Amino acid sequence: MDICKILHRVTGEDICEAILAIGGEDICKAVVIGAGGVGTVVVTPALLAALGFTSGGVVAGSIAAKLMSFFAIANGGGVAAGGLVAFLQSIGATGLSWISAGVTGSAGATMGWLLSAICNRTKTD
């Protein structure tokens, strides 16, 4: 059920129309885009740690270890310096640098912008 209809039934007022009247779609889009950017910067290090890229190195038996093994076999026995596994382990060990945070945040904000279509609302009574 539409959240605006629920709010109207509970309050007796059209809260969604009031928000739209003061630029609610723009506010919603700003929140979604901002949340996408901030969310990816916050979640990325935690996700890498969950995959096994930690400050203590790659965790044995983790997805990170399997990825490292795959790339080592593909490269003839060693993991390439500057490669994907090395890059992910660097972030897992030290966190995001300000450049990495900017790139990651921009990617998240772009995804937020793509998802901001959820904020589009037209009156359909």
Side-chain angles (χ1 to χ4, degrees):
M1 179 174 244
D2 185 4
I3 188 69
C4 292
K5 289 180 184 177
I6 294 170
L7 289 172
H8 181 71
R9 285 184 186 166
V10 171
T11 64
E13 297 180 24
D14 198 345
I15 294 172
C16 291
E17 281 303 314
I19 293 171
L20 289 174
I22 60 168
E25 284 186 23
D26 294 333
I27 293 169
C28 177
K29 287 182 181 187
V31 168
V32 172
I33 292 168
V38 172
T40 53
V41 172
V42 170
V43 169
T44 298
L47 178 63
L48 288 174
L51 292 174
F53 295 103
T54 67
S55 58
V58 173
V59 176
S62 67
I63 293 173
K66 290 175 180 39
L67 189 63
M68 186 175 185
S69 174
F70 172 79
F71 278 102
I73 292 168
N75 289 326
V79 176
L84 178 64
V85 172
F87 175 70
L88 294 175
Q89 178 52 39
S90 172
I91 294 172
T94 62
L96 292 171
S97 68
W98 65 272
I99 293 174
S100 297
V103 170
T104 304
S106 296
T110 300
M111 290 305 298
W113 174 74
L114 292 171
L115 292 172
S116 70
I118 63 171
C119 299
N120 297 339
R121 177 159 156 72
T122 56
K123 187 172 181 170
T124 57
D125 285 331

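The structure displayed is predicted, hence computed values, not measured ones.
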Novice: Under 3.5 Å, side chain of T40 to main-chain N/O of T104, donor-acceptor pair present?
Specialist: yes

Novice: By the rule that ILVMFWY residues connect when side-chain heavy atoms come within less than 4.5 angstrom, directly or transitively, which residues belong alongside V42?
Specialist: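 V42 shares its hydrophobic cluster with V38.
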
Novice: Please answer: with hydrophobic residues joined when any side-chain heavy atoms are less than 4.5 Å apart, are F70 and L48 in the same cluster?
Specialist: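 The answer is yes; both residues are in one hydrophobic cluster.
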
Novice: With a 4.5 Å cut-off on side-chain heavy-atom distances among I, L, V, M, F, W and Y, is there a chain of contacts connecting V59 to I63?
Specialist: no

Novice: Please answer: with hydrophobic residues joined when any side-chain heavy atoms are less than 4.5 Å apart, are V58 and F71 in the same cluster?
Specialist: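 Yes, V58 and F71 fall within the same hydrophobic cluster.
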
Novice: Is there a path of hydrophobic side-chain contacts, each under 4.5 Å between heavy atoms of I/L/V/M/F/W/Y residues, joining M68 to L84?
Specialist: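 Yes; tracing contacts between hydrophobic side chains, which count when under 4.5 Å, links both residues.
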
Novice: List, one per line, each side-chain donor-acceptor pair under 3.5 Å for residues 85-92, sequence neighbours excluded.
Specialist:
| from | atom 1 | to | atom 2 | distance (Å) |
| --- | --- | --- | --- | --- |
| Q89 | NE2 | T54 | O | 2.7 |

Novice: Of all residues at least two apart in sequence or in a different chain, which pass the side-chain contact (heavy atoms from CB on, under 4.5 Å) check with A101?
Specialist: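 Residues passing side-chain contact (heavy atoms from CB on, under 4.5 Å) with A101: V41, L96.
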
Novice: Write down the atom of G61, the atom of A65, and the distance for their closest heavy-atom approach.
Specialist: N-CB, 3.8 Å

Novice: Determine the minimum heavy-atom distance between G52 and S62, stating which atoms define it.
Specialist: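 Taking every non-hydrogen atom into account, CA-OG, 3.6 Å.
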
Novice: In the single-linkage hydrophobic clustering (I, L, V, M, F, W, Y; side-chain heavy atoms under 4.5 Å), do M111 and W113 co-cluster?
Specialist: yes

